[in-house]
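Structure, as structure tokens:
Computation of the quantities below employed the complete heavy-atom set of this structure, encompassing side-chain atoms and omitting hydrogens, waters and symmetry-equivalent molecules. Naming convention: chains lettered A, B, ... in sequence-line order (proteins, then strands); numbering from 1 in each chain.
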There are 2 protein chains.
Amino acid sequence: MELIRGPRPHPKEKLSRNLMEWFHWLLREAEIYDIRYPVKGAFVWMPYGMKIRRRIEALLRELHDSTGHQEVLFPVFIPYEFFSKESQHIRGFESEVFWVSKGGEGGERLILRPTSETAIMPMFKLWIHDYKDLPLAVYQIVSVFRAETKMTNPMIRVREISMFKEAHTAHADREDAERQVRLAVDIYKKFFDALCIPYLISRRPEWDKFAGAVYTIAFDTVLPDGRTLQIGTVHYLGTNFSKVFEVAYLKPDGSHEYVHTTSYGISERSIAAMLITHGDDAGTTLPPKTAPIQVVVVPIYYGEEKAEVLSAAESVARELSAAGIRTYVDSREDKTPGWKFYYWELKGAPLRLEIGRRDLEKGAVAAVRRDTLAKYSVPIKELVDSVKSLLEEVEADLRKSAWERLRSSVVQAATLEEAKKALEAGGWWRCLGAARISAALRRPRPWAPTPWGSRSTRRPTWAAPTSAI
Amino acid sequence: MELIRGPRPHPKEKLSRNLMEWFHWLLREAEIYDIRYPVKGAFVWMPYGMKIRRRIEALLRELHDSTGHQEVLFPVFIPYEFFSKESQHIRGFESEVFWVSKGGEGGERLILRPTSETAIMPMFKLWIHDYKDLPLAVYQIVSVFRAETKMTNPMIRVREISMFKEAHTAHADREDAERQVRLAVDIYKKFFDALCIPYLISRRPEWDKFAGAVYTIAFDTVLPDGRTLQIGTVHYLGTNFSKVFEVAYLKPDGSHEYVHTTSYGISERSIAAMLITHGDDAGTTLPPKTAPIQVVVVPIYYGEEKAEVLSAAESVARELSAAGIRTYVDSREDKTPGWKFYYWELKGAPLRLEIGRRDLEKGAVAAVRRDTLAKYSVPIKELVDSVKSLLEEVEADLRKSAWERLRSSVVQAATLEEAKKALEAGGWWRCLGAARISAALRRPRPWAPTPWGSRSTRRPTWAAPTSAI
């Protein structure tokens, strides 16, 4: 493999100028998501978007299945009677709840789940009898509903969160539950590493924790415009839910004890973060693990070369597919090669192979990385190895540059004054207190009564990207 | 491979005595589905049930993806304004609709989708411009909601249908739409053949067609107790929806024409039909294509044999897994082999391998078919081929015996009198008119004004099982 053109990535001007405008352009032009559905905060996943989603869902399943979680599916309806049992929980969610009613019929008062703790606990009560039933870890990927009154935003702030992966676990004691919290954090690191999304991990201040939690650990990323986006949360719920739902277990010594529970969630917001993090003015780059098409093959021919070039393209694709690489030959006849380059750069296929007669005569094809547009000549006899190593390079570089951007946008501030100054200059921050000072300072929400000084132990954790799965 | 014990299947006494009681027993004991969730018509999919479901969903995706359908995801909320546009549709569904409201907030009147024609048409209007956009075929696998007032029944008649595969297509003319109807029927045949479920295909009488359809073609199966169960429907919708939603396209000649649409659906009821069709008093047999575990390996050892037998079991499992066969070694130490036989017969693993020292000395393992309990000695050197052929036999025989039962329970009746007589004797029927006379006679619903005589062309089609996919 030989470099024949150095990196010359697309600019990020449009993206920097108005990130959300760019994002809506990407969703529309790359045919990922249609924002014209006529209900506030409800949107349509288009075929290409669904193909990306399926890969993300498969990754979530793999990460959870391989770590002792079992997939389940609970109903979307929760009786209000159950939903309102835990007092913090109901106070936190009540204003955002969608009610369900059947015309003319009384009886049950039902809500659409905003999260499933209160649907799952009544079943945990039936499933858990003694210590041998613990720990119990289940998860589901479902729609949850929150009647956001704030401005909604496609894929980022929606009223039907349609890809909510929520896990719920029960444990014999606090120690085992906190071991699960650490496991969940580890799973989420692996997940975001596969998406090449950088993150800050922090324990949320009291006012910002999950309604009903003892404490919440959150993952935030920083978007190119400096805004932070919460992309995952892990909650230690203590016995707050098990007490009100009476979920207790029999210990070996014959006594009964309430279980300790945790829950943790990730949504389609992670997909939005991925598309934006790796975006530029020509579209986006999908990290190879999440790309429905990892390698697009574009045949380039004139006149009589057609049969030979097409057959070479098909043979290259067969070889790559046999090696487990998701490959697609774009052999459309009514589109020019240039049009196809544009199309697949928009859609984010991480690697493009250009196959023309001159390359074939040299026993080679040209490979172009989507992220840098660097171009290589790849001998056909080294095809699979070269493509694999290029895909690995794309992934490593996407992750590296995203982490560098996040690190450079975070300012170390020792005092609140310094933090304010840094914020005014447009940077992010790393402080000695809780995370999300930025958010706290920007929004008119009371974050008292917890004084900064007392929370110096809750500093953001610098999470290094773990090896991708 | 040598037969060492002939077939001696489990009896079907409990199952025949009270089918629904048996079904609820199966769902509970095999840990498929929990019917104790505290909302009418809403149930919980347990981990083993989800594993079966995932295989069924993968099969549905494969069948649709490979025939020109693209997966999408639409919101669950439909504005009442859209839902009520098509007059037949609203009349048919209005009484079953769940309304959504947010406490204290006016504005939009929303319903939970009972089916998605009226969510999809407004987007088809945006997506379809000219003849080159046609045909367009999309599908989604989602929850839909119907406020059944009749008695609900786990997995069979539910208020949240949580695995509704609905496809929606648009075409240039009636001819192309009816070609799609035939394609859909063909896809559904392949699907039910993979589940080894026998079916009758019939055009529904006017009073029983989908609300808004020009006509409906339905798949019914007959349960062991003689009851029929509708397991799939295909609708030709004509221009009924495209006219009210103004979905038209530009023809090559410059004129505009309304598109012709179809829709077709399958739900988790197909899973219920599968579990019941292949059930007996010890549990069920899962057809190999849908079994999360196709081969369960049970090691049998005494004392010091343990290490040797376990290692042989693991090696057999590795070989089968490498050949793409879903294999699991049940090496639990606190359970006896007999307990494990019972457990996996309940759960329906189609093939069991018993591995003991004496078999190993002969270079063989014992294989037991779940459906017939016939037992074979399989030389280890022929392992993969023998297991594959046994799984194929299980599948073929499940399908064959299910079709034989359906055929024998159907009575040919030339007149309404004959049909009545056959019904009284407990059989099903095949008649010269429309299907579901049985249902029509049993329930107090007017099936006039369409006289029998005029519908002699709408006879049920005898569908032979096509080769399984």
Side-chain angles (χ1 to χ4, degrees), chain A residues 31 33-34 36-51 53-54 61 69-79 81-82 94-105 107-108 110-112 119-120 122-123 126-127 138 140 142-143 145 147 149 158-160 162-163, chain B residues 33-34 36-51 53-54 61 65 69-79 81-82 94-105 107-108 110-112 119-120 122-123 126-127 138 140 142-143 145 147 149 158-160 162-163:
Chain A
E31 298 176 312
Y33 197 76
D34 200 315
R36 295 172 292 176
Y37 191 77
V39 173
K40 176 181 160 80
F43 306 95
V44 176
W45 284 85
M46 296 178 73
Y48 188 63
M50 274 311 282
K51 287 195 172 70
R53 232 183 104 127
R54 271 203 211 165
R61 289 198 163 100
H69 298 75
Q70 306 203 73
E71 190 173 1
V72 293
L73 186 64
F74 276 73
V76 72
F77 295 144
I78 302 181
E81 180 201 342
F82 288 88
E94 191 156 37
S95 67
E96 294 187 353
V97 154
F98 283 106
W99 290 88
V100 177
S101 64
K102 207 186 112 25
E105 194 182 279
E108 286 169 320
L110 301 176
I111 63 155
L112 297 180
I120 284 174
M123 302 310 291
L126 297 170
W127 294 347
V138 301
Q140 57 182 6
V142 294
S143 282
F145 300 86
T149 46
V158 294
R159 296 182 123 194
E160 176 180 359
S162 69
M163 194 195 80
Chain B
Y33 196 78
D34 199 314
R36 294 171 294 175
Y37 190 76
V39 172
K40 176 182 160 84
F43 306 95
V44 177
W45 284 85
M46 297 178 74
Y48 187 63
M50 273 312 282
K51 288 195 173 70
R53 233 183 103 127
R54 273 204 211 165
R61 288 198 164 99
D65 290 348
H69 298 74
Q70 307 203 74
E71 190 174 1
V72 293
L73 186 64
F74 276 72
V76 72
F77 295 144
I78 301 181
E81 181 200 341
F82 288 90
E94 192 156 36
S95 67
E96 295 187 352
V97 155
F98 283 105
W99 290 88
V100 176
S101 64
K102 207 186 113 23
E105 195 182 277
E108 286 169 319
L110 301 176
I111 63 154
L112 296 180
I120 284 173
M123 303 310 291
L126 297 170
W127 294 347
V138 300
Q140 58 182 5
V142 294
S143 282
F145 300 87
T149 46
V158 294
R159 298 183 118 193
E160 175 179 0
S162 69
M163 195 195 79

| For B:Met163, all residues meeting side-chain contact (heavy atoms from CB on, under 4.5 Å), sequence neighbours excluded | B:Arg53, B:Ile56, B:Glu57, B:Leu60, B:Ile141, B:Glu268, B:Ser270, B:Ile271

| field | Region of A:Lys51 that comes under 4.5 Å of a non-hydrogen atom in chain B | value | side chain

| Rounded to the nearest 0.5 Å, how far does CG of B:Asp34 lie from CE of A:Met123? | 3.5 Å

| said: Evaluate B:Val76 against A:Ser143 for side chain to side chain contact (heavy atoms under 4.5 Å, CB included), listing each step before the verdict. | reply: CA-CA 9 Å; B:Val76 72; A:Ser143 282; 6.0 Å; no

| task | Applying side chain to side chain contact (heavy atoms under 4.5 Å, CB included), run through B:Phe74 and A:Val44 and close with a yes or a no. | result | CA-CA 5 Å; B:Phe74 276 72; A:Val44 176; 3.8 Å; yes

| Pairing residues for B:Arg54 by the side-chain hydrogen bond (donor to acceptor under 3.5 Å, both in side chains) criterion, not counting sequence neighbours | A:Asp65, A:Glu71, A:Tyr139

| Part of A:Ile78 within contact of chain B (heavy atom distance under 4.5 Å) | both

| Max heavy-atom pair count under 4.5 Å with chain A, selected residue of B:Gly49, B:Ser162, B:Pro79 | B:Pro79

| request: Go through the atoms of B:Phe145 and report whether side chain, backbone, both or neither lie under 4.5 Å from a heavy atom of chain A. | output: side chain

| said: Can you tell me which portion of A:Phe43 sits under 4.5 Å from chain B's heavy atoms? Options are side chain, backbone, both or neither. | reply: backbone

| said: Checking B:Leu112 against A:Leu112 for the side chain to side chain contact (heavy atoms under 4.5 Å, CB included) test, could you report, in this order, the C-alpha distance in whole Å, the side-chain angles of both residues, the deciding distance, and whether it holds? | reply: CA-CA 10 Å; B:Leu112 296 180; A:Leu112 297 180; 4.0 Å; yes

| message | Determine whether the aromatic ring centres of residues A:Phe77 and B:Phe98 are separated by less than 6.0 angstrom. | response | yes

| request: Using the side chain to side chain contact (heavy atoms under 4.5 Å, CB included) rule, take B:Val39 and A:Leu110 through it: C-alpha gap first, then chi angles, then the decisive distance, then the call. | output: CA-CA 9 Å; B:Val39 172; A:Leu110 301 176; 3.8 Å; yes

| Picking from B:Tyr37, B:Trp45, B:Trp127, which has the most non-hydrogen pairs under 4.5 angstrom with chain A? | B:Tyr37

| Heavy-atom distance under 4.5 Å to chain B: side chain of A:Met46, backbone, both or neither? | both

| If every non-hydrogen atom of A:Glu160 is compared with every non-hydrogen atom of B:Pro75, which pair is closest and at what distance? | OE1-CA, 3.3 Å

| Side chain, backbone, both or neither: which part of A:Tyr48 has a heavy atom under 4.5 Å from chain B? | neither

| Spatial distance of atom CE (B:Met50) from atom CG (A:Leu73) [nearest 0.5 Å] | 5.0 Å

